[in-house]
Amino acid sequence: MKIQLHKWPKAVIDRLDLVFLDAPFPCQGKSDVDGIFDPPYYEWFQFNEEFIEYENFENCLEYLEDRMIKLGPFDGLIGFSQGGILSGGLPGLQAKGIALQKVPKIKFIIIIGGAMFRSTKVVEDAYSFSIDTPSLHFLGETDFLKPYGIKLIESFKNPVVVHHPKGHIVPRIDEKSLEKVTAFLETIENLVMMEEEDKDGEENICSPI
């Protein structure tokens with residue numbers, strides 16, 4: 001992920017303070033990035049061929065929360081592929097009290113080549129209401145996950161969508177897309193700043209005199 005994001009403009013990367021996590025479980029079977037990136041390879045959880053049954057999903061949520069506690073606090077999440085699927089479901093799971101209860105609320109997500117979970121239980125937990133978390137989605141025209149990526153986008157109230165002509169990759173950001181990405185980041189920066197100011201104001205109001 002770190003290598004792939006190098007193709008994004010410096011003006012975008014410099015606005016993001018990123019921490020890159022390895023997923024917790026060794027990849028089972030042949031990895032899609034075998035021969036492109038050096039091993040070892042990891043995955044966030046395991047799933048069956050229909051992507052409707054998951055193994056180690058609860059352990060994945062616990063691992064992620066532990067990392068966020070120890071390395072954070074974090075304002076948002078950015079994920080590609082399986083990481084995008086996971087990141088896209090976490091705001092709803094957090095709001096339902098199922099995941100990430102020991103860390104601050106996720107303020108935004110950036111999803112690249114992501115999709116909606118297909119497990120009935122996870123769908124009920126993660127997408128049972130329209131999610132108001134600000135979200136930026138990169139959707140590839142020839143991405144095999146595109147139909148499920150569209151379903152994920154439809155579960156958010158005000159998603160920002162960047163379309164690109166490629167497949168299941170981290171795409172380059174062209175001039176037109178850069179305007180959307182920059183506007184999204186500016187919105188997030190203002191949101192975070194306002195929340196910090198509100199928090200400082202509450203602390204001042206509650207301070208003993």
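In what follows, every heavy atom counts, from backbone to side chain, and hydrogens, waters and symmetry copies are set aside.
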May I ask you to check whether over 12 heavy atoms, not counting those of F25, lie within 6.0 Å of atom CZ? yes
Taking atom NZ of K151 as the centre, report whether more than 12 heavy atoms of other residues, nucleotides or ligands fall under 6.0 Å from it. no
Quick one: closest heavy-atom pair of [X] and [Y], and the distance?
X	Y	value
P134	L191	CG-CD2, 4.1 Å
K102	I69	CB-CD1, 3.9 Å
P165	T142	O-OG1, 3.8 Å
I131	A126	CD1-O, 3.6 Å
W8	P171	NE1-O, 2.8 Å

Verify, without hydrogens or angle tests, whether [X] (side chain) and [Y] (backbone) share a donor-acceptor contact under 3.5 angstrom.
X	Y	answer
K7	V170	yes
Q101	A99	yes
Y127	F117	yes
K180	V161	yes
E43	A23	no
T133	K107	no
T182	E179	no
D174	S177	yes
E53	S119	no

Does one side chain, of [X] or [Y], offer a donor that lies under 3.5 Å from an acceptor on the other?
X	Y	result
S81	H168	yes
N190	T187	no
K96	S128	yes

Is there a path of hydrophobic side-chain contacts, each under 4.5 Å between heavy atoms of I/L/V/M/F/W/Y residues, joining [Y] to [X]?
X	Y	value
I13	L136	yes
V19	I188	no
I110	L71	no

Using the side chain to side chain contact (heavy atoms under 4.5 Å, CB included) rule, take I111 and L152 through it: C-alpha gap first, then chi angles, then the decisive distance, then the call. CA-CA 10 Å; I111 306 298; L152 175 64; 4.1 Å; yes
What's the verdict on side chain to side chain contact (heavy atoms under 4.5 Å, CB included) for I150 and L139, showing C-alpha distance, side-chain angles and the deciding distance? CA-CA 8 Å; I150 292 172; L139 193 66; 3.8 Å; yes
If the plane angle is over 60° it's perpendicular, under 30° parallel, otherwise tilted; pick one for F45 and F51. tilted
Does the plane of the ring in F184 sit parallel, tilted or perpendicular to the ring in F108? Use 30° and 60° as the thresholds. perpendicular
F47 side, atom CZ; E55 side, atom CD - distance, nearest 0.5 Å: 11.0 Å
Determine, stepwise, if the pair S135 / V160 fulfils side chain to side chain contact (heavy atoms under 4.5 Å, CB included). CA-CA 6 Å; S135 60; V160 176; over 6 Å; no
So that I can tick it off, tell me whether E189 and R15 are bridged by a salt bridge, with the cut-off set at under 4.0 angstrom between side-chain N and carboxylate O. yes
Is the gap between the ring centers of F156 and H137 under 6.0 Å? yes
Do F80 and W44 make the cut of ring centroids closer than 6.0 angstrom? no
